Peer 1: 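Take a look at this one; I'll ask things after.
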Amino acid sequence: MLEEAIYILKMIEEKGYKAYIVGGFVRNYLLGIESNDIDITTNATPKELREIFKKVIILSDDYGSITVMKKNVRFEITTFRKEYKYLDNRRPEKIEYIDSLEEDLKRRDFTINTICMDSKGEIIDYLNAKEDLNKKIIKTVGNANDRFEEDSLRMLRALRFSTSLNFSLSDEVINAILEKKHLLKKLSYHRKKEELDKIFTSDRALEGIKLLIDLGLDKELELKNLNKVKCTDSLIGVWAILDVIDIYPFSNHEKDMIESVQKALQINNKDPYNLYKYGLYINSVAGLIKGIPKKEIAKSYVELPITKRSDLQISSEEIMKELNKEPGPYLKNIYEEIEKEVLYKRLENKKEDILKFCKERYN
Ligand code: ATP
Ligand code: MG
């Protein structure tokens, strides 16, 4: 990954610009942690970058940064900038492209996110951030109150980094969060959810949740059930407990899954009909939350005689013919009954047996 990044830096340098790796990748590199993507900072403007990366896939291009894909690695390349006056404690009103790396680093959130690497692999650390990295501490660049007031998302990012890296928050950061946490109410649910997802999927998610509660952020984030989350092995499971699909944004598919898990929490997850109706995944997630070993649920699942309607050795035509009836809503009821009988092994999944059952039951 580093090789690809250095290649990208050199592509930019060849055209006479400065470029450095910055942020998460350098931080993680020094900590011996892998990264998913790489942030690059440069004095080339987005327009100049588009010219340089003509032959590379450009995924997006907004807010003065472009995202390129090279050898399956995502690079977010952002122009050195100064940000002016924040609107609504989130977006800067105006940004100005500048020529100084040092100035660009000052607008960044935490010291540990300001360490850079150049195309020779040398570390550049203007803000003496390696010291904080070694001490495992999260400090804002500049005054914490001001930085959180400018952009309240930074409070959640602080908790996210503290959780995933097992770093402590500086006293100044803690005090500023306590003072400015009410500003989270104005932040978009979309941005809040992105950070929450990262906290909940961290290996140390339960510690992150404890921190959210200890600092009183559960109330500001409208997560009244946060103290009920005891297992974070499934993200869908966490959101099912939190029960906030009407306020936080989810895709329809996620909403369906969350609602199914909520229903599955109320039922016996090893029952054949429940397993058939909600499937292995949903029941396993509910099982995780309730502490039922996944193996037990999987064992009951593999013993199911059918896992979908088309597994039944019968068709609607055959049922209608047997009962001498036209199509109608009654078919749905018959199917459900046949499924139940087969699942509870009171009826064999054989055409003759099913037809005989239909006849006895519905004629
Ligand atoms: P990750 O490992 O999640 O990618 P990251 O530190 O790289 O962590 P990004 O969201 O990719 O985080 O942002 C890249 C860099 O941009 C950060 O390291 C930080 O320097 C800066 N940054 C990101 N978001 C903010 C913000 N809200 N305020 C100030 N600086 C920010
Ligand atoms: Mg990053």
Side-chain angles (χ1 to χ4, degrees), residues 1-2 4-5 8 19-42 59-60 62-69 73-93 95 101-117 124-127 129-130 132-133 138-167 173 176-177 180 183-184 186-188 190-203 208:
M1 231 176 154
L2 182 58
E4 276 82 51
I8 297 266
Y20 307 89
I21 314 173
V22 68
F25 180 83
V26 187
R27 181 194 69 222
N28 293 347
Y29 176 83
L30 294 173
L31 293 170
I33 303 171
E34 288 206 12
S35 291
N36 298 321
D37 44 31
I38 300 186
D39 302 287
I40 288 179
T41 186
T42 175
L59 295 177
S60 70
D62 56 8
Y63 296 118
S65 81
I66 75 165
T67 307
V68 304
M69 211 53 194
V73 184
R74 254 176 97 97
F75 292 90
E76 179 116 5
I77 313 176
T78 308
T79 309
F80 295 165
R81 69 195 43 209
K82 204 172 149 85
E83 295 176 339
Y84 292 93
K85 244 181 135 186
Y86 278 70
L87 287 175
D88 297 345
N89 324 94
R90 6 178 228 116
R91 293 247 175 264
E93 189 175 346
I95 62 168
L101 170 65
E102 207 172 340
E103 221 19 66
D104 177 78
L105 297 179
K106 287 189 192 146
R107 58 114 187 149
R108 294 178 182 269
D109 49 5
F110 304 108
T111 57
I112 57 165
N113 290 343
T114 64
I115 309 174
C116 300
M117 193 190 277
I124 300 165
D125 180 16
Y126 280 127
L127 305 185
K130 259 176 97 171
D132 296 335
L133 199 72
I138 294 168
K139 283 190 198 161
T140 48
V141 176
N143 179 279
N145 271 317
D146 296 347
R147 303 312 308 281
F148 293 160
E149 185 140 348
E150 279 171 6
D151 180 0
S152 53
L153 183 76
R154 291 175 186 150
M155 295 186 261
L156 289 183
R157 285 176 58 89
L159 263 75
R160 191 249 288 188
F161 292 125
S162 159
T163 304
S164 62
L165 302 172
N166 196 6
F167 275 33
V173 164
I177 290 178
K180 300 292 176 189
L183 296 174
L184 285 171
K186 285 199 251 170
L187 193 64
S188 83
H190 173 76
R191 292 185 86 203
K192 290 191 267 213
K193 181 166 172 286
E194 269 183 353
E195 289 304 321
L196 287 170
D197 278 340
K198 288 181 186 166
I199 294 175
F200 297 154
T201 52
S202 152
D203 287 343

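Both ligands and their constituent atoms are indexed starting at 1 by order of listing. Note that the coordinates shown come from a computational prediction; the quantities given were computed from them, not determined experimentally.
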Peer 1: Asp37 heavy atoms, cut-off 4.0 Å: which ligand 1 atoms fall inside?
Peer 2: 4 (O)

Peer 1: Under the rule for side chain to side chain contact (heavy atoms under 4.5 Å, CB included), what residues qualify as partners of Asn145, not counting sequence neighbours?
Peer 2: Asn143, Ala176, Glu179, Lys180

Peer 1: Report, in ascending order of atom number, the atoms of ligand 1 lying under 4.0 Å from any heavy atom of Arg160.
Peer 2: 1 (P), 3 (O), 8 (O)

Peer 1: Do Asp151 and Arg147 sit within salt-bridge range, that is, some charged N less than 4.0 Å from a carboxylate O?
Peer 2: no

Peer 1: I'd like the name of whichever of Arg154, Arg108, Arg147, Arg157 reaches closest to atom 23 (C) of ligand 1 through any heavy atom.
Peer 2: Arg157

Peer 1: Would Val22 count as a contact of ligand 1 if the rule is a heavy atom under 4.0 Å away?
Peer 2: no

Peer 1: Regarding ligand 1, does Lys198 bring an N or O atom to under 3.5 Å of one of the ligand's N or O atoms?
Peer 2: no

Peer 1: Are Asp125 and Lys130 close enough for a salt bridge, meaning some N to O gap below 4.0 Å?
Peer 2: no

Peer 1: Tell me which part of Asp109 gets within contact of ligand 1: side chain, backbone, both or neither, using heavy atoms under 4.0 Å.
Peer 2: both

Peer 1: Checking salt bridge (charged side-chain N to carboxylate O under 4.0 Å, His left out) for the pair Arg191/Glu194: CA distance, chi angles, key distance, verdict?
Peer 2: CA-CA 5 Å; Arg191 292 185 86 203; Glu194 269 183 353; 5.9 Å; no

Peer 1: If the contact criterion is a heavy-atom separation under 4.0 Å, does Glu150 count as touching ligand 1?
Peer 2: no

Peer 1: Minimum heavy-atom separation for Arg154 to Phe110, with atom names?
Peer 2: O-CZ, 3.2 Å

Peer 1: If you measure from each non-hydrogen atom of Asn113 to ligand 1, which part falls under 4.0 Å: side chain, backbone, both or neither?
Peer 2: both

Peer 1: Run Ile115 and Arg27 through side-chain contact (heavy atoms from CB on, under 4.5 Å) and show every step you take.
Peer 2: CA-CA 7 Å; Ile115 309 174; Arg27 181 194 69 222; 5.9 Å; no

Peer 1: Minimum heavy-atom separation for Leu183 to Ser152, with atom names?
Peer 2: O-OG, 3.6 Å

Peer 1: Please work out whether the ring planes of Tyr20 and Phe80 are parallel, tilted or perpendicular, with thresholds of 30° and 60°.
Peer 2: parallel

Peer 1: Side chain or backbone of Arg27 under 4.0 Å from ligand 1, or both, or neither, by non-hydrogen atoms?
Peer 2: side chain

Peer 1: Let me check something: any side-chain donor-acceptor pairs from residues 28-39 under 3.5 Å, sequence neighbours excluded? List them with distances.
Peer 2:
from  : atom 1 : to    : atom 2 : distance (Å)
Asn28 : ND2    : Gly24 : O      : 3.4
Asn28 : ND2    : Ser35 : OG     : 3.0

Peer 1: Could you tell me which atoms of ligand 1, counted from 1 in the order shown, lie closer than 4.0 angstrom to a heavy atom of Gly24?
Peer 2: 5 (P), 6 (O), 7 (O), 18 (O)

Peer 1: Taking all non-hydrogen atoms of both residues into account, name the closest pair between Thr140 and Val173 and its distance.
Peer 2: N-CG2, 4.0 Å

Peer 1: Below 2.8 Å, which protein N, O or S atoms neighbour the Mg ion (ligand 2), ignoring water?
Peer 2: Asp39 OD2

Peer 1: Nearest 0.5 Å please: distance from the CD atom of Glu83 over to the CG atom of Asp104.
Peer 2: 8.5 Å

Peer 1: Could you pull out all residues at least two apart from Thr114 that satisfy side chain to side chain contact (heavy atoms under 4.5 Å, CB included)?
Peer 2: Leu105, Arg108, Leu127, Ala129, Val141

Peer 1: So if I count the atoms of ligand 1 from 1 in the order they appear, which ones are less than 4.0 Å from some heavy atom of Gly23?
Peer 2: 18 (O)

Peer 1: Assess Phe161 for proximity to ligand 1: is some non-hydrogen atom of it under 4.0 Å away?
Peer 2: yes

